[in-house]
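Below you'll find the structure, written out as structure tokens, and then a few comments.
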Amino acid sequence: MAEDVRDLDVSDVTVIVCSSCRDETGSDVRPRAGEFLAQATLRAASNENIRVQQVECLGNCKRRLSAALLRDGCWSYVFGDLTPESGPDLIAGAKLFATATDGILPWRGRPDSLKRGLVARIPPLAIVKDIP
């Protein structure tokens, strides 16, 4: 992905938070821990031009609170083992991702929760190759 750094914009990044994630007790009580994480992420993004959205399930239940970072034409990232207070880390990661000229979230500068909690890195469809 060859972009000029001047063309990068944090609005190109979307943070998706799994709002149905339960806390470490597995309780069904509402609001769930994932809803608290979604709200913390939204608050952390209040002065940023970053989209924060939620989804009912990212299917990462064994790793508890989960979220994803997406950017068109770039790799996507799924994180688990987050806490209800991880919102600022997700926004810090989104801002770092927005500066990645190669479409890959840099390891250096990434909050620890986004290093330890990495579940998957999903390639953009444009670079996926058919099996011969």
Side-chain angles (χ1 to χ4, degrees):
M1 166 166 231
E3 285 184 274
D4 189 316
V5 173
R6 293 171 300 210
D7 295 333
L8 297 175
D9 184 354
V10 291
S11 68
D12 292 339
V13 179
T14 299
V15 179
I16 298 176
V17 179
C18 178
S19 62
S20 62
C21 285
R22 295 175 172 93
D23 65 15
E24 62 280 349
T25 70
S27 171
D28 272 334
V29 173
R30 295 272 184 179
R32 289 194 177 163
E35 293 174 82
F36 290 122
L37 174 58
Q39 289 303 314
T41 306
L42 192 59
R43 280 191 304 277
S46 66
N47 292 323
E48 306 293 341
N49 192 17
I50 297 172
R51 284 182 302 281
V52 176
Q53 298 180 309
Q54 62 185 7
V55 67
E56 266 305 301
C57 185
L58 283 173
N60 191 36
C61 302
K62 289 189 183 279
R63 298 282 301 266
R64 297 288 171 204
L65 275 68
S66 299
L69 295 180
L70 302 130
R71 184 173 159 211
D72 283 345
C74 298
W75 289 79
S76 296
Y77 294 83
V78 178
F79 301 96
D81 301 322
L82 301 172
T83 69
E85 296 80 30
S86 296
D89 286 355
L90 290 168
I91 298 307
K95 289 166 61 175
L96 185 62
F97 194 20
T99 67
T101 58
D102 60 0
I104 297 173
L105 178 63
W107 185 260
R108 182 169 290 161
R110 190 186 297 187
D112 285 341
S113 65
L114 302 187
K115 289 180 179 179
R116 289 186 317 269
L118 181 63
V119 172
R121 183 177 88 150
I122 303 161
L125 288 175
I127 69 166
V128 176
K129 298 176 182 164
D130 288 332
I131 299 171

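What you see is a predicted model, and the numbers here were worked out from it, not measured in a lab.
Phe36 pairs by the ring-ring contact (aromatic ring centres under 6.0 Å, His included) definition with nothing, not counting sequence neighbours.
Residue Leu90 holds its CG atom at 12.0 Å from CG of Leu42, rounded to the nearest 0.5 Å. The line from OG of Ser86 to CG of Leu114 is 7.5 Å long, rounded to the nearest 0.5 Å. How far CD of Gln54 is from OG1 of Thr41: 10.0 Å, rounded to the nearest 0.5 Å. Taking CG of Leu105 as the start and CZ of Arg110 as the end, the distance is 4.0 Å to the nearest 0.5 Å. With rounding to the nearest 0.5 Å, the separation of CG in Asp112 from CG in Asp89 is 8.0 Å. Atoms CG and CG, from Asn49 and Asp12 in turn, are 9.0 Å apart once rounded to the nearest 0.5 Å.
Contact between Ala38 and Val52 at its shortest, heavy atoms only, is O-CG1, 4.3 Å. In terms of heavy atoms, Ala100 sits closest to Ile104 at CB-O, 3.1 Å. The two residues Ala40 and Pro84 make their nearest non-hydrogen contact at CB-O, 3.3 Å. Scanning all heavy atoms of the two residues, the minimum distance from Cys18 to Cys57 falls at SG-CA, 3.6 Å.
Tyr77 pairs with exactly one of Ile122, Val119, Leu118, Leu70 by the side chain to side chain contact (heavy atoms under 4.5 Å, CB included) rule, that one being Leu118. Of the options Arg64, Arg63, Lys115, a salt bridge (charged side-chain N to carboxylate O under 4.0 Å, His left out) to Asp81 is made by Arg63 and by none of the others. With Leu65 as the partner, the side chain to side chain contact (heavy atoms under 4.5 Å, CB included) test is satisfied by one option alone out of Asn60, Leu58, Leu82: Leu82.
Inter-residue side-chain proximity for Ser66 and Phe79 is flagged as unmet; no heavy-atom pair is nearer than 4.5 Å. Taking 4.5 Å as the limit, every side-chain heavy atom of Thr83 sits out of range of all side-chain heavy atoms of Leu37.
Panel note: side chain Ser19, backbone Val55; a donor-acceptor pair is recorded below 3.5 Å.
Using a cutoff of 4.0 Å between basic side-chain nitrogens and carboxylate oxygens, Arg22 and Asp28 are scored as salt-bridged.
The hydrophobic clustering, which links ILVMFWY residues whose side-chain heavy atoms are closer than 4.5 Å, places Val15 and Val78 apart. Connection of Ile16 to Phe97 is not established within any shared hydrophobic cluster, with ILVMFWY side chains joined at heavy-atom distances below 4.5 Å, either directly or through further cluster members.
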